[in-house]
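Worksheet: one structure, shown below.
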Protein chains: 2
Amino acid sequence: MSKKTIQTIEDIARLAGVSKSTVSRALNDSPLVSDETKKRIQAIARENSFRINAPARNLSMGQSHTIAYVTHAYHKESFSMEDLFGLEIMGGITHGLHELGYEMLVVHMDPRDSGWAHQYLESGRVDGFILMTSNRKKWHIKTLVEMGAPFITWGVISENVKYCSVTGDNVAGGRLATEHLIRTGRQRIAFLGGDKEELEVQHRFKGYQQALEDAGMVIDSDLFANGDYSHSSGIKAMKQLLEQSPDLDAVFVNSDLMAIGAINVIQNSGRRVPENVAVVGYDDLSIANYNNLPLTTIRQNIPLAGKLLAQNLVQYIKTGVVTNVTLPVELVVRQSA
Amino acid sequence: MSKKTIQTIEDIARLAGVSKSTVSRALNDSPLVSDETKKRIQAIARENSFRINAPARNLSMGQSHTIAYVTHAYHKESFSMEDLFGLEIMGGITHGLHELGYEMLVVHMDPRDSGWAHQYLESGRVDGFILMTSNRKKWHIKTLVEMGAPFITWGVISENVKYCSVTGDNVAGGRLATEHLIRTGRQRIAFLGGDKEELEVQHRFKGYQQALEDAGMVIDSDLFANGDYSHSSGIKAMKQLLEQSPDLDAVFVNSDLMAIGAINVIQNSGRRVPENVAVVGYDDLSIANYNNLPLTTIRQNIPLAGKLLAQNLVQYIKTGVVTNVTLPVELVVRQSA
DNA sequence: TCACTTTATGCAACCGGTTGCATTATATCT
DNA sequence: AGATATAATGCAACCGGTTGCATAAAGTGA
């Protein structure tokens with residue numbers, strides 16, 4: 001493209017008959033410049049479609065206004081359904097960051113690369129990181145903490161973390177799901193969790209337990225199984241549950257994707273959903289509504305979660321204030337339970 | 001975090017007893033610096049975990065090594081299943097860019113904002129754009145062409161475009177799908193397309209026509225319907241097709257998501273898939289395999305598409321060479337057809 | 001009218017790299 | 001030994017913004 005003649009603050013300064021420091025102050029709405037001069041300069045900039053040079057501004061201010069969203073995709077070469085939770089929340093994050101004048105870089109994290117955060121933070125490329133927590137990311141969180149790098153996580157790995165986080169109320173979620181199944185008359189309610197080492201799985205199980213105990217119902221370990229949130233693990237775990245307890249009449253599944261896998265297994269066993277076995281999922285991802293049998297599920301407010309991840313990280317970068325937010329969840333009743 | 005004492009090229013220069021220009025050349029592997037000096041400086045940088053400052057380098061070189069992936073999410077606040085094609089290809093793009101030393105910025109495009117590309121390109125924030133083509137993005141492509149902005153599209157809007165693109169062989173895809181249905185004995189094969197104004201839909205239709213003609217089968221306009229690639233439009237279009245032609249025994253659907261919607265409608269009408277109505281989808285997104293009834297579909301090589309979008313855009317940025325690539329597609333036979 | 005304060009703007013240094021050209025040392029050739 | 005060429009390194013200007021401090025003009029009060 002041909003080089004525009006108005007490209008820098010120097011160019012605007014020439015047009016306006018002032019110095020570039022006055023132009024910089026005017027464009028940044030500084031009180032050190034008179035209103036009259038400020039308006040004149042802003043009009044000239046607008047008329048010439050002037051854009052401040054981001055690298056120059058980043059260099060002189062020592063901030064990139066860019067946040068890295070750290071992904072660890074199940075598949076190496078592309079995203080997939082297994083990544084849907086992270087992808088849905090990414091949409092909210094990018095929206096929330098944009099409202100704050102920040103950009104979102106998608107960073108494909110190689111777990112073997114111990115320098116991954118260094119090369120983004122210490123090179124001035126990003127101001128902070130957003131990541132979805134899981135036990136597989138323990139080391140990466142450890143690295144970020146050791147670096148003193150600004151970051152925020154969706155979910156928490158352990159109690160009393162010193163870094164920013166947003167999470168859902170997993171105990172309440174486990175409780176809501178189980179209470180619904182109890183309320184609709186189910187007697188043998190199974191729990192199909194994620195990785196049992198994960199805190200959120202433990203919390204959801206706690207809610208499940210509490211609901212059963214409050215209803216005076218027995219807790220039967222034959223009714224437990226765990227997957228790893230993948231679709232195939234949901235299939236495997238559901239098969240195991242049906243083997244362990246052929247008479248189960250409901251299952252609370254820790255994710256929509258595993259729930260869909262579980263439904264397939266239940267239906268293929270000759271049982272009907274929800275008549276013979278009621279199924280409640282978790283997250284209320286968009287897939288929950290598209291399945292042939294719309295999924296009853298525990299909704300997490302993913303758009304709000306994304307927005308808060310963005311807002312609270314930027315606030316931490318600016319002020320150093322650590323915030324931990326637990327979002328309420330809600331039961332969404334569709335056809336599977 | 002405490003300020004490291006080794007943070008700039010100046011710091012490395014002091015340690016190595018050379019000038020910063022020598023350090024810069026050494027770290028960039030310039031032939032102007034002797035091998036001995038180069039190795040010494042690289043070792044010192046490595047020992048001190050030194051990272052070149054990206055904003056400074058971007059400023060002096062006039063390049064950001066960042067590419068904007070332009071999204072136009074169906075929902076304002078988060079991504080969803082409807083965005084799965086764009087999200088799966090994003091994974092391949094980010095991977096491909098990383099291999100080239102580039103980063104990927106996810107840019108949420110507001111269609112009403114006429115200055116969106118300006119504020120990313122002319123501010124030096126990105127070096128180019130990647131976007132999924134559709135008629136809704138005609139104006140954005142027009143803007144990018146007028147700016148002379150480097151960009152590449154997945155898919156093409158019209159013939160003989162002058163910008164870079166990667167697309168699938170839609171005529172072949174339409175043909176493969178229809179031939180499979182013919183080969184399995186289907187007599188009344190419907191076409192459930194995307195927006196009929198879209199070139200790729202026209203090409204897929206062309207392939208469908210050619211296959212029918214080659215088989216000496218009649219082309220019946222009662223067997224056509226169009227959605228807009230959304231799940232709900234697939235439901236609506238399939239209902240329309242069953243109204244128009246209750247005796248249809250197969251349908252070629254232009255996307256997996258619409259195909260799943262179509263399957264739901266077919267099953268809810270009391271018909272069985274594939275016994276009564278065979279269904280072929282398009283794209284082979286990860287969802288195709290997870291559906292209770294695994295979907296026969298036309299696979300597009302999404303990881304390769306992502307990689308080529310990255311590679312060919314960066315090549316264009318560096319050399320100005322425009323490339324247009326049409327990727328082969330393949331039939332994947334599962335249970336729905 | 002004069003002294004002092006406040007306002008508005010400009011100068012120039014800095015942010016941290018890159019690199020054209022200058023300088024010095026070394027190598028080569030006659 | 002001297003002239004010329006080559007290699008290696010350094011100087012300093014530049015990329016385009018931000019901003020502390022200096023300077024000049026305007027305003028205010030005695």
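In what follows, chains carry the letters A, B, and so on, assigned in the order in which the sequence lines appear, proteins first and then strands, with residues in each chain numbered from 1. Quantities reported herein were computed from a predicted structural model and do not represent experimental measurements.
B:E10 places its CD atom 12 Å from the C1' atom of D:dA12, with the value rounded to the nearest Å. Atom CZ of B:R14 is separated from atom P of C:dG17 by 13 Å (rounded to the nearest Å). Protein atom CD1 of A:I6 is 13 Å distant from nucleotide atom P of D:dG16, rounded to whole Å. We find that CG of B:D35 is positioned 15 Å from C1' of D:dT9, with the value rounded to whole Å. Atom C1' of nucleotide D:dG16 and atom CG of A:D11 are separated by 10 Å, given to the nearest angstrom. For A:F50 and D:dG16, the CZ to C1' distance is 9 Å, given to the nearest whole Å. In this structure, B:R40 atom CZ and D:dT9 atom C1' are separated by 12 Å, rounded to whole Å. In this entry the distance linking CD of A:E36 with P of D:dA26 reads 13 Å, nearest Å.
Checked against C:dG17, D:dT9, C:dC11, the side chain of B:T37 finds its nearest nucleotide in D:dT9. Taking the side chain of A:I52 as heavy atoms from C-beta on, and the options D:dT18, C:dG10, C:dT19, the nearest nucleotide is D:dT18.
The residue among B:N53 and B:T22 whose nearest nucleotide of DNA chain C lies closer to the 5′ end is B:N53. If A:L32 and B:S34 are placed on DNA chain D by their nearest nucleotide, the residue sitting closer to the 5' end is B:S34. Sequence order on DNA chain D of the closest nucleotides to A:A56 and B:K38 puts B:K38 first from the 5' end.
Across all strands shown, B:S30 has no heavy atoms under 4.0 Å from either base or sugar-phosphate atoms. As judged by a 4.0 angstrom heavy-atom cut-off over every strand, B:N28 is placed among residues touching the sugar-phosphate backbone only. Within 4.0 Å (heavy atoms only), A:L59 reaches at least one base atom of the nucleic acid.
Comment: B:E146 engages B:K142 in a salt bridge, judged by a side-chain N to carboxylate O separation of less than 4.0 angstrom.
Taking each heavy atom of B:A305 and B:I89 in turn, the nearest pair found is CB-CD1, 3.9 Å. Across all non-hydrogen atoms, the minimal contact from A:H65 to A:G101 is CB-O, 4.0 Å.
The phosphate of C:dT18 has OP1 or OP2 within less than 4.0 Å of a side-chain N or O from B:R57. Remark: A:S21 is not in phosphate contact with D:dT19, judged by side-chain N or O atoms under 4.0 Å from OP1 or OP2. A close approach under 4.0 Å does not occur between any side-chain nitrogen or oxygen of B:S60 and OP1 or OP2 of D:dC15.
In this model, a side-chain donor or acceptor of A:R25 finds a partner on the base of D:dG20 within 3.5 Å. At a cut-off of 3.5 angstrom, the base of D:dG17 holds at least one donor-acceptor pair with the side chain of A:K20. Applying the 3.5 Å distance criterion, the base of D:dC15 shares no donor-acceptor pair with the side chain of A:T8. Taking only distance into account, the side chain of A:R51 never meets the base of D:dG17 through a donor-acceptor pair shorter than 3.5 Å.
Side-chain contact between B:V18 and B:I41: present, with at least one pair of heavy atoms (C-beta onward) separated by less than 4.5 Å. Residues A:H118 and B:F50 form no side-chain contact, since every pair of their non-hydrogen atoms from C-beta on lies 4.5 Å or further apart. With contacts defined as side-chain heavy-atom distances shorter than 4.5 Å, the pair B:L304/B:L308 qualifies.
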